[in-house]
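Worksheet for the structure shown next.
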Amino acid sequence: MPEPSRFGAAGAQVLRGDLEDLESLRSGAAASDGVIHCAFIHDFSKFAENCEIDRRAIEALGAALAGSGRPLVVTSGTAGLAPGRLASEDTEPPSGSFAIPRVSEQAALSMVSRGVRAMAVRLPPSVHGDGDHGFVPMLIGIAREKGVSAYVGDGLNRWPAVHRLDAAHLYRLALEKGSAGARYHGIAGRGRAGSRHR
């Protein structure tokens, strides 16, 4: 993460907060022109608990923006959105037995009726760029360690991706021009059936 002094040099005021310090989130959102929420606790041994922390954080941010018409852009994902079929921005998140506990998108979009210009950016499983330490580098590390790269099924899955700078540009566009209730897919490389990546 860049040093706070770099943000200050760009004209931003830095407020340190925490996903579990809801008052810091509320005060930061209340003093802002808009909010982009990208934080999530990536301890997957406590996934459901961390999803609940995320939901409460989004509700705190939205409550601070209520009635203002200011933007709240939250991060969601495309993985698991439409198993076995292509998904679009109009695809609703799975519900019922297929639902996942992370409801950032639903929590944010529920704020539209409260006067928040809330929207979701859905990122693909691979957001890549210099210094990448996410999902794909983890798979590459396992393949290097084991000496083999495995796949499940017939290899015809689609795996979209986006460079982190393209994703950042999308967040800015959503913040400045996005529509309340909209979902935007942050995908630059669509992924092709049967494609192989090394």
Side-chain angles (χ1 to χ4, degrees), residues 1-47 49-77 102-112 114-138 161-188:
M1 182 169 143
E3 290 298 314
S5 59
R6 288 180 60 193
F7 291 117
Q13 292 180 346
V14 177
L15 169 68
R16 291 212 178 262
D18 186 286
L19 285 176
E20 297 185 84
D21 180 357
L22 300 183
E23 186 50 42
S24 72
L25 300 179
R26 279 189 284 268
S27 64
S32 72
D33 294 327
V35 174
I36 296 175
H37 172 60
C38 298
F40 189 78
I41 302 169
H42 286 92
D43 176 356
F44 292 104
S45 68
K46 299 177 180 178
F47 186 60
E49 179 183 329
N50 294 333
C51 291
E52 179 60 18
I53 290 168
D54 184 53
R55 183 191 63 76
R56 288 193 301 262
I58 291 167
E59 288 178 351
L61 294 167
L65 297 172
S68 70
R70 287 179 284 165
L72 169 61
V73 183
V74 302
T75 305
S76 184
R102 188 169 183 187
V103 293
S104 49
E105 182 176 314
Q106 297 93 316
L109 299 188
S110 73
M111 297 290 167
V112 172
R114 297 180 59 190
V116 179
R117 187 163 56 91
M119 62 211 87
V121 169
R122 291 174 171 167
L123 295 177
S126 177
V127 180
H128 58 86
D130 292 341
D132 187 1
H133 59 273
F135 187 59
V136 171
M138 181 182 72
V162 66
H163 191 278
R164 67 181 186 169
L165 296 179
D166 291 328
H169 186 70
L170 174 60
Y171 277 102
R172 179 179 176 181
L173 287 172
L175 186 76
E176 293 176 351
K177 300 178 182 181
S179 300
R183 301 174 180 102
Y184 300 106
H185 283 194
I187 295 172

Considering all heavy atoms of both residues, which atom of [X] and which atom of [Y] are nearest to each other, and what is their separation?
{"X": "L22", "Y": "L19", "result": "CD2-O, 3.6 Å"}
{"X": "A57", "Y": "L25", "result": "CB-CD1, 3.5 Å"}
{"X": "G186", "Y": "P124", "result": "O-CD, 3.0 Å"}
{"X": "A180", "Y": "V112", "result": "CB-CG1, 4.1 Å"}
{"X": "A108", "Y": "L72", "result": "CB-CD2, 4.5 Å"}
{"X": "A107", "Y": "S110", "result": "O-OG, 2.7 Å"}

Q. Can you tell me how far NE2 of H185 sits from CZ of R122, rounded to the nearest 0.5 angstrom?
A.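 Result: 4.0 Å between the selected atoms.
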
Q) To the nearest 0.5 Å, how far apart are CZ in R56 and SG in C51? A) 11.5 Å

Answer yes or no: is there a side-chain heavy-atom contact under 4.5 Å between [X] and [Y]?
{"X": "R26", "Y": "L61", "answer": "no"}
{"X": "R55", "Y": "Q106", "answer": "no"}
{"X": "I58", "Y": "V74", "answer": "yes"}
{"X": "H169", "Y": "L165", "answer": "no"}
{"X": "M119", "Y": "R183", "answer": "no"}
{"X": "F47", "Y": "I41", "answer": "no"}

Q: Go through the steps for F44 and N50 under the test side-chain contact (heavy atoms from CB on, under 4.5 Å), then give the verdict.
A: CA-CA 8 Å; F44 292 104; N50 294 333; over 6 Å; no

Q | Under 3.5 Å: donor-acceptor pair, side chain of R117, backbone of G178 | A | yes

Q: May I ask you to check whether over 12 heavy atoms, not counting those of E176, lie within 6.0 Å of atom CD?
A: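 Yes, the 6.0 Å shell around CD holds more than 12 heavy atoms from other groups.
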
Q) Under 6.0 Å from the CG atom of D33, do we count more than 12 heavy atoms belonging to anything else shown? A)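 Not more than 12 within 6.0 Å, no.
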
List in chain and number order the residues that pass side-chain contact (heavy atoms from CB on, under 4.5 Å) with [X], two or more places apart in sequence or in another chain; answer none if no residue qualifies.
{"X": "S68", "result": "L65, R70"}
{"X": "S179", "result": "A182, Y184"}
{"X": "L175", "result": "I36, P71, V73"}

Q: For H37 and D54, run side-chain hydrogen bond (donor to acceptor under 3.5 Å, both in side chains): C-alpha distance rounded to whole Å, both residues' side-chain angles, the deciding distance at 0.1 Å, then the answer.
A: CA-CA 10 Å; H37 172 60; D54 184 53; 2.7 Å; yes

Q: Please report the C-alpha distance between S27 and L15 in whole Å, then the side-chain angles of each, then the deciding distance to 0.1 Å, and finally whether the side-chain contact (heavy atoms from CB on, under 4.5 Å) criterion is met.
A: CA-CA 9 Å; S27 64; L15 169 68; 4.1 Å; yes

Q: Tell me, with the steps shown, if D130 and R164 meet side-chain contact (heavy atoms from CB on, under 4.5 Å).
A: CA-CA 9 Å; D130 292 341; R164 67 181 186 169; 3.9 Å; yes

Q) Checking R102 against F40: charged group under 6.0 Å from the ring centre and within 45 degrees of the axis? A)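 Positive - R102 is close enough to the ring of F40 and near enough to its axis.
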
